[in-house]
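Accompanying notes for the structure given below.
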Number of protein chains: 2
Amino acid sequence: MQKQETLTKNQKIILDLIEKSDQPLKAYSILFDVKKKGINAPLQVYRALNKLVKIGKIHKIESRNTFIACKNSKCQIAKATVFSICESCEDVTEIHDHKLSEHLRDFKDNKGMKYNKYNLEFFGLCKKCV
Amino acid sequence: MQKQETLTKNQKIILDLIEKSDQPLKAYSILFDVKKKGINAPLQVYRALNKLVKIGKIHKIESRNTFIACKNSKCQIAKATVFSICESCEDVTEIHDHKLSEHLRDFKDNKGMKYNKYNLEFFGLCKKCV
DNA sequence: TAACGCTGTGTAATAATATAACATTTATAA
DNA sequence: TTATAAATGTTATATTATTACACAGCGTTA
Ligand SMILES: [Zn+2]
Ligand SMILES: [Zn+2]
Ligand SMILES: [Zn+2]
Ligand SMILES: [Zn+2]
(Lines give C-alpha, C1' and ligand atoms only; values in the text may rest on other atoms or scores of the structure.)
(Ligands and ions follow the chains in the order given, each with its own letter.)
Protein backbone atom coordinates (compact mmCIF):
# COMPACT_ATOMS: atom_id res chain seq x y z
CA MET A 1 0.00 0.00 0.00
CA GLN A 2 1.45 3.34 -1.07
CA LYS A 3 0.90 6.41 1.05
CA GLN A 4 -1.33 8.76 -0.88
CA GLU A 5 0.10 12.24 -0.82
CA THR A 6 -2.18 15.22 -1.06
CA LEU A 7 -0.66 17.69 -3.42
CA THR A 8 -1.11 21.41 -3.19
CA LYS A 9 -2.33 23.59 -6.01
CA ASN A 10 1.12 24.53 -7.27
CA GLN A 11 2.36 20.98 -6.98
CA LYS A 12 -0.64 19.70 -8.93
CA ILE A 13 -0.22 22.26 -11.69
CA ILE A 14 3.42 21.40 -12.14
CA LEU A 15 3.03 17.64 -11.85
CA ASP A 16 0.22 17.81 -14.38
CA LEU A 17 2.44 19.61 -16.85
CA ILE A 18 5.30 17.17 -16.40
CA GLU A 19 3.04 14.15 -16.69
CA LYS A 20 1.61 15.42 -19.95
CA SER A 21 5.07 15.55 -21.43
CA ASP A 22 6.64 12.24 -22.30
CA GLN A 23 10.02 13.88 -22.23
CA PRO A 24 11.84 15.68 -19.44
CA LEU A 25 11.23 19.37 -18.88
CA LYS A 26 13.54 22.09 -17.62
CA ALA A 27 12.62 24.15 -14.62
CA TYR A 28 12.50 27.43 -16.48
CA SER A 29 10.48 26.01 -19.32
CA ILE A 30 8.02 24.79 -16.71
CA LEU A 31 8.04 28.26 -15.21
CA PHE A 32 7.25 29.76 -18.60
CA ASP A 33 4.36 27.35 -19.11
CA VAL A 34 2.76 27.83 -15.72
CA LYS A 35 2.88 31.62 -15.65
CA LYS A 36 -0.61 31.65 -17.12
CA LYS A 37 -1.73 29.72 -14.06
CA GLY A 38 -0.37 32.28 -11.66
CA ILE A 39 2.99 30.77 -10.82
CA ASN A 40 5.39 33.62 -11.32
CA ALA A 41 8.74 32.90 -9.72
CA PRO A 42 11.47 30.27 -10.10
CA LEU A 43 11.30 29.44 -6.44
CA GLN A 44 7.67 28.44 -6.70
CA VAL A 45 8.63 25.98 -9.40
CA TYR A 46 11.67 24.63 -7.62
CA ARG A 47 9.75 24.15 -4.39
CA ALA A 48 7.13 22.09 -6.15
CA LEU A 49 9.76 20.15 -8.09
CA ASN A 50 11.69 19.33 -4.94
CA LYS A 51 8.58 18.05 -3.24
CA LEU A 52 7.53 15.99 -6.24
CA VAL A 53 10.99 14.46 -6.48
CA LYS A 54 10.91 13.67 -2.78
CA ILE A 55 7.63 11.77 -2.99
CA GLY A 56 8.68 9.97 -6.15
CA LYS A 57 6.17 11.49 -8.56
CA ILE A 58 8.94 12.83 -10.74
CA HIS A 59 12.67 12.22 -11.13
CA LYS A 60 15.49 14.58 -11.86
CA ILE A 61 17.78 13.69 -14.75
CA GLU A 62 20.96 14.89 -13.09
CA SER A 63 23.15 15.06 -16.15
CA ARG A 64 20.61 17.25 -17.93
CA ASN A 65 18.99 19.26 -15.15
CA THR A 66 15.58 18.18 -16.30
CA PHE A 67 12.57 16.58 -14.67
CA ILE A 68 10.51 13.65 -15.87
CA ALA A 69 7.38 12.01 -14.51
CA CYS A 70 7.62 8.56 -13.01
CA LYS A 71 5.26 6.53 -15.15
CA ASN A 72 5.13 3.51 -12.91
CA SER A 73 5.14 3.30 -9.17
CA LYS A 74 7.87 0.74 -8.98
CA CYS A 75 10.80 2.90 -8.05
CA GLN A 76 10.88 3.00 -4.31
CA ILE A 77 10.01 6.67 -3.90
CA ALA A 78 12.79 8.13 -5.97
CA LYS A 79 15.41 6.01 -4.29
CA ALA A 80 16.37 3.84 -7.18
CA THR A 81 16.29 5.26 -10.66
CA VAL A 82 17.72 4.14 -13.97
CA PHE A 83 17.48 6.08 -17.20
CA SER A 84 18.62 5.73 -20.76
CA ILE A 85 19.48 8.94 -22.54
CA CYS A 86 20.01 9.39 -26.26
CA GLU A 87 22.91 11.75 -26.75
CA SER A 88 21.62 12.74 -30.15
CA CYS A 89 17.91 13.47 -29.72
CA GLU A 90 17.98 13.66 -25.92
CA ASP A 91 15.16 11.15 -25.65
CA VAL A 92 14.96 9.83 -22.10
CA THR A 93 13.40 6.59 -20.95
CA GLU A 94 13.07 5.28 -17.44
CA ILE A 95 14.31 1.74 -17.17
CA HIS A 96 12.93 -0.93 -14.88
CA ASP A 97 14.97 -4.06 -15.11
CA HIS A 98 14.50 -6.54 -12.35
CA LYS A 99 17.89 -8.17 -12.60
CA LEU A 100 19.73 -4.86 -12.77
CA SER A 101 17.74 -3.51 -9.84
CA GLU A 102 18.70 -6.52 -7.80
CA HIS A 103 22.38 -6.08 -8.53
CA LEU A 104 22.25 -2.42 -7.65
CA ARG A 105 20.19 -2.95 -4.54
CA ASP A 106 22.53 -5.63 -3.32
CA PHE A 107 25.74 -3.81 -4.11
CA LYS A 108 28.15 -3.42 -1.21
CA ASP A 109 31.38 -1.52 -1.41
CA ASN A 110 34.38 -2.28 0.74
CA LYS A 111 34.09 0.90 2.79
CA GLY A 112 31.12 -0.04 4.92
CA MET A 113 29.00 2.67 3.42
CA LYS A 114 25.25 2.41 3.92
CA TYR A 115 23.35 3.25 0.74
CA ASN A 116 19.77 4.40 0.65
CA LYS A 117 19.56 5.63 -2.92
CA TYR A 118 21.12 5.41 -6.33
CA ASN A 119 20.82 6.96 -9.74
CA LEU A 120 22.09 5.39 -12.93
CA GLU A 121 22.16 7.06 -16.33
CA PHE A 122 23.00 5.18 -19.52
CA PHE A 123 24.06 7.22 -22.55
CA GLY A 124 24.02 6.20 -26.16
CA LEU A 125 22.04 6.40 -29.34
CA CYS A 126 18.43 5.38 -29.62
CA LYS A 127 17.12 3.32 -32.53
CA LYS A 128 16.11 6.39 -34.51
CA CYS A 129 19.47 8.07 -34.09
CA VAL A 130 21.83 5.17 -34.74
CA MET B 1 48.42 0.83 -24.69
CA GLN B 2 46.80 4.14 -23.77
CA LYS B 3 47.14 7.13 -26.01
CA GLN B 4 49.28 9.67 -24.22
CA GLU B 5 47.63 13.05 -24.30
CA THR B 6 49.70 16.19 -24.23
CA LEU B 7 48.03 18.69 -22.01
CA THR B 8 48.22 22.42 -22.49
CA LYS B 9 49.32 24.84 -19.80
CA ASN B 10 45.82 25.64 -18.60
CA GLN B 11 44.79 22.01 -18.65
CA LYS B 12 47.86 21.04 -16.61
CA ILE B 13 47.30 23.73 -14.02
CA ILE B 14 43.71 22.68 -13.50
CA LEU B 15 44.34 18.93 -13.55
CA ASP B 16 47.13 19.44 -11.05
CA LEU B 17 44.81 21.26 -8.69
CA ILE B 18 42.09 18.62 -8.97
CA GLU B 19 44.54 15.78 -8.49
CA LYS B 20 45.88 17.35 -5.32
CA SER B 21 42.40 17.36 -3.84
CA ASP B 22 41.05 14.03 -2.72
CA GLN B 23 37.57 15.44 -2.90
CA PRO B 24 35.64 16.92 -5.81
CA LEU B 25 36.01 20.61 -6.60
CA LYS B 26 33.55 23.09 -8.04
CA ALA B 27 34.36 24.99 -11.19
CA TYR B 28 34.26 28.39 -9.55
CA SER B 29 36.36 27.30 -6.61
CA ILE B 30 38.89 26.06 -9.14
CA LEU B 31 38.68 29.42 -10.87
CA PHE B 32 39.35 31.19 -7.59
CA ASP B 33 42.39 29.01 -6.93
CA VAL B 34 43.97 29.36 -10.36
CA LYS B 35 43.61 33.11 -10.65
CA LYS B 36 47.10 33.46 -9.19
CA LYS B 37 48.34 31.41 -12.13
CA GLY B 38 46.81 33.71 -14.68
CA ILE B 39 43.56 31.92 -15.43
CA ASN B 40 40.99 34.66 -15.11
CA ALA B 41 37.71 33.62 -16.64
CA PRO B 42 35.14 30.87 -16.09
CA LEU B 43 35.39 29.83 -19.69
CA GLN B 44 39.07 29.06 -19.36
CA VAL B 45 38.23 26.73 -16.51
CA TYR B 46 35.28 25.09 -18.22
CA ARG B 47 37.24 24.52 -21.40
CA ALA B 48 39.97 22.74 -19.50
CA LEU B 49 37.46 20.78 -17.44
CA ASN B 50 35.59 19.62 -20.53
CA LYS B 51 38.77 18.42 -22.14
CA LEU B 52 39.95 16.64 -19.01
CA VAL B 53 36.59 14.91 -18.67
CA LYS B 54 36.73 13.90 -22.31
CA ILE B 55 40.11 12.23 -21.99
CA GLY B 56 39.18 10.58 -18.71
CA LYS B 57 41.59 12.39 -16.40
CA ILE B 58 38.73 13.70 -14.31
CA HIS B 59 35.06 12.89 -13.87
CA LYS B 60 32.07 15.10 -13.27
CA ILE B 61 29.85 14.26 -10.33
CA GLU B 62 26.61 15.12 -12.07
CA SER B 63 24.40 15.38 -9.02
CA ARG B 64 26.80 17.83 -7.41
CA ASN B 65 28.28 19.73 -10.31
CA THR B 66 31.75 18.98 -9.10
CA PHE B 67 34.87 17.47 -10.63
CA ILE B 68 37.11 14.76 -9.23
CA ALA B 69 40.34 13.23 -10.50
CA CYS B 70 40.31 9.68 -11.76
CA LYS B 71 42.79 7.96 -9.51
CA ASN B 72 43.11 4.83 -11.55
CA SER B 73 43.09 4.33 -15.26
CA LYS B 74 40.53 1.59 -15.25
CA CYS B 75 37.48 3.50 -16.33
CA GLN B 76 37.42 3.33 -20.07
CA ILE B 77 38.06 7.01 -20.72
CA ALA B 78 35.21 8.44 -18.75
CA LYS B 79 32.73 6.05 -20.25
CA ALA B 80 31.90 4.00 -17.22
CA THR B 81 31.88 5.67 -13.85
CA VAL B 82 30.51 4.68 -10.46
CA PHE B 83 30.62 6.86 -7.38
CA SER B 84 29.50 6.68 -3.80
CA ILE B 85 28.42 9.94 -2.24
CA CYS B 86 27.86 10.59 1.45
CA GLU B 87 24.82 12.80 1.77
CA SER B 88 26.03 14.12 5.09
CA CYS B 89 29.69 15.04 4.60
CA GLU B 90 29.61 14.96 0.80
CA ASP B 91 32.60 12.64 0.68
CA VAL B 92 32.88 11.08 -2.75
CA THR B 93 34.65 7.88 -3.68
CA GLU B 94 35.07 6.36 -7.10
CA ILE B 95 34.07 2.72 -7.12
CA HIS B 96 35.62 0.00 -9.23
CA ASP B 97 33.79 -3.24 -8.78
CA HIS B 98 34.41 -5.86 -11.36
CA LYS B 99 31.13 -7.67 -10.99
CA LEU B 100 29.08 -4.50 -11.03
CA SER B 101 30.99 -3.22 -14.06
CA GLU B 102 30.23 -6.44 -15.88
CA HIS B 103 26.52 -6.17 -15.19
CA LEU B 104 26.42 -2.58 -16.32
CA ARG B 105 28.53 -3.18 -19.38
CA ASP B 106 26.34 -6.10 -20.40
CA PHE B 107 23.04 -4.42 -19.73
CA LYS B 108 20.62 -4.41 -22.65
CA ASP B 109 17.28 -2.69 -22.59
CA ASN B 110 14.33 -3.80 -24.68
CA LYS B 111 14.41 -0.78 -26.96
CA GLY B 112 17.44 -1.64 -29.00
CA MET B 113 19.40 1.27 -27.70
CA LYS B 114 23.14 1.21 -28.17
CA TYR B 115 24.97 2.41 -25.07
CA ASN B 116 28.45 3.78 -25.05
CA LYS B 117 28.59 5.28 -21.59
CA TYR B 118 27.03 5.20 -18.15
CA ASN B 119 27.24 7.00 -14.86
CA LEU B 120 26.08 5.56 -11.56
CA GLU B 121 25.89 7.45 -8.30
CA PHE B 122 25.15 5.75 -4.98
CA PHE B 123 23.96 7.93 -2.11
CA GLY B 124 24.07 7.16 1.56
CA LEU B 125 26.03 7.71 4.72
CA CYS B 126 29.70 6.94 5.06
CA LYS B 127 31.13 5.18 8.09
CA LYS B 128 31.93 8.42 9.88
CA CYS B 129 28.46 9.85 9.33
CA VAL B 130 26.29 6.85 10.19
C1' DT C 1 56.15 28.89 -49.09
C1' DA C 2 51.17 29.67 -48.41
C1' DA C 3 46.71 28.13 -47.40
C1' DC C 4 43.98 25.42 -44.56
C1' DG C 5 41.89 23.03 -40.68
C1' DC C 6 42.10 22.16 -36.01
C1' DT C 7 42.70 23.20 -31.27
C1' DG C 8 43.45 26.26 -27.83
C1' DT C 9 43.60 31.14 -25.80
C1' DG C 10 41.84 35.59 -23.77
C1' DT C 11 38.16 38.60 -22.92
C1' DA C 12 33.55 40.41 -22.32
C1' DA C 13 28.99 39.64 -21.99
C1' DT C 14 25.16 36.89 -20.95
C1' DA C 15 22.35 32.71 -20.32
C1' DA C 16 20.69 29.07 -17.48
C1' DT C 17 20.11 26.92 -13.09
C1' DA C 18 19.14 27.36 -8.28
C1' DT C 19 18.82 29.33 -3.51
C1' DA C 20 18.53 32.91 0.55
C1' DA C 21 15.74 35.76 3.21
C1' DC C 22 11.49 37.47 4.80
C1' DA C 23 6.63 38.08 5.71
C1' DT C 24 2.46 35.70 5.44
C1' DT C 25 -0.94 31.92 4.94
C1' DT C 26 -2.78 27.33 5.20
C1' DA C 27 -3.16 22.70 6.93
C1' DT C 28 -2.65 19.35 10.67
C1' DA C 29 -2.36 18.03 15.16
C1' DA C 30 -2.41 18.35 20.34
C1' DT D 1 -7.59 26.89 20.95
C1' DT D 2 -2.67 26.84 20.40
C1' DA D 3 1.17 25.44 18.27
C1' DT D 4 3.73 23.60 14.71
C1' DA D 5 4.81 22.12 10.33
C1' DA D 6 4.43 22.97 5.45
C1' DA D 7 3.48 25.86 1.70
C1' DT D 8 3.05 30.47 -0.46
C1' DG D 9 4.42 34.95 -2.70
C1' DT D 10 7.93 38.14 -3.58
C1' DT D 11 12.42 40.20 -4.20
C1' DA D 12 16.92 39.70 -4.66
C1' DT D 13 20.94 37.14 -5.35
C1' DA D 14 24.06 33.13 -5.87
C1' DT D 15 25.84 29.56 -8.67
C1' DT D 16 26.75 27.15 -12.84
C1' DA D 17 27.68 27.34 -17.68
C1' DT D 18 27.72 29.12 -22.53
C1' DT D 19 27.85 32.47 -26.68
C1' DA D 20 30.42 35.36 -29.46
C1' DC D 21 34.50 37.21 -31.35
C1' DA D 22 39.37 38.03 -32.39
C1' DC D 23 43.48 35.81 -32.55
C1' DA D 24 47.66 32.43 -31.87
C1' DG D 25 50.07 27.99 -32.60
C1' DC D 26 50.66 23.80 -35.05
C1' DG D 27 50.61 20.18 -38.39
C1' DT D 28 49.16 18.95 -43.09
C1' DT D 29 49.31 19.45 -47.73
C1' DA D 30 48.91 21.86 -52.09
ZN1 LIG E 1 10.26 6.11 -11.52
ZN1 LIG F 1 17.81 9.54 -30.37
ZN1 LIG G 1 37.83 7.00 -13.06
ZN1 LIG H 1 30.02 11.19 5.51
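The sequence lines fix the lettering, A, B, ..., with proteins before strands; numbering per chain opens at 1. When reading the values below, keep in mind they use all heavy atoms of this one structure, side chains included, and skip hydrogens, waters and symmetry mates.
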Mutual orientation of the aromatic rings belonging to A:Y118 and B:F122 [parallel < 30°, tilted 30-60°, perpendicular > 60°]: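 Plane angle over 60°, so perpendicular.
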[N] phosphate, OP1 or OP2, under 4.0 Å from [X] side-chain N/O:
| X | N | value |
| --- | --- | --- |
| B:K51 | C:dT7 | no |
| A:N40 | D:dT10 | yes |
| B:K60 | D:dA17 | yes |
| A:K9 | D:dT8 | no |
| B:N10 | C:dG10 | yes |
| A:T8 | D:dT8 | yes |

If Ile, Leu, Val, Met, Phe, Trp and Tyr residues are connected whenever their side-chain heavy atoms lie under 4.5 Å apart, and connections chain through other members, are B:L43 and B:V34 in the same group? no
Applying side-chain contact (heavy atoms from CB on, under 4.5 Å), run through A:N65 and A:K60 and close with a yes or a no. CA-CA 7 Å; A:N65 300 315; A:K60 180 171 186 181; 3.9 Å; yes
If I take atom [atom1] in residue [X] and atom [atom2] in nucleotide [N], what distance separates them, rounded to the nearest angstrom?
| X | N | atom1 | atom2 | value |
| --- | --- | --- | --- | --- |
| A:L7 | D:dT8 | CG | C1' | 15 Å |
| B:Q44 | C:dG8 | CD | C1' | 11 Å |
| A:I14 | D:dA7 | CD1 | P | 13 Å |
| A:L25 | C:dA16 | CG | P | 16 Å |
| B:Y46 | C:dT17 | OH | P | 13 Å |
| B:N50 | C:dT7 | CG | P | 14 Å |
| B:R64 | C:dT19 | CZ | P | 11 Å |
| B:N65 | D:dT18 | CG | C1' | 14 Å |

Could you pick out which residue, A:R47 or A:Y28, lies toward the 5' side of DNA chain C when each is mapped onto its nearest nucleotide? A:Y28
Would you mind telling me which residue lines up with the more 5' stretch of DNA chain C, B:Q11 or B:P42, judged by nearest nucleotide? B:Q11
Any side-chain to backbone donor/acceptor pair from A:S29 onto A:L25? Under 3.5 Å, distance only.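 Between the backbone of A:L25 and the side chain of A:S29 there is no qualifying donor-acceptor contact (under 3.5 Å).
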Exactly one candidate in A:K12, A:R47, A:K57 meets side chain to side chain contact (heavy atoms under 4.5 Å, CB included) with A:L52; the answer is A:K57
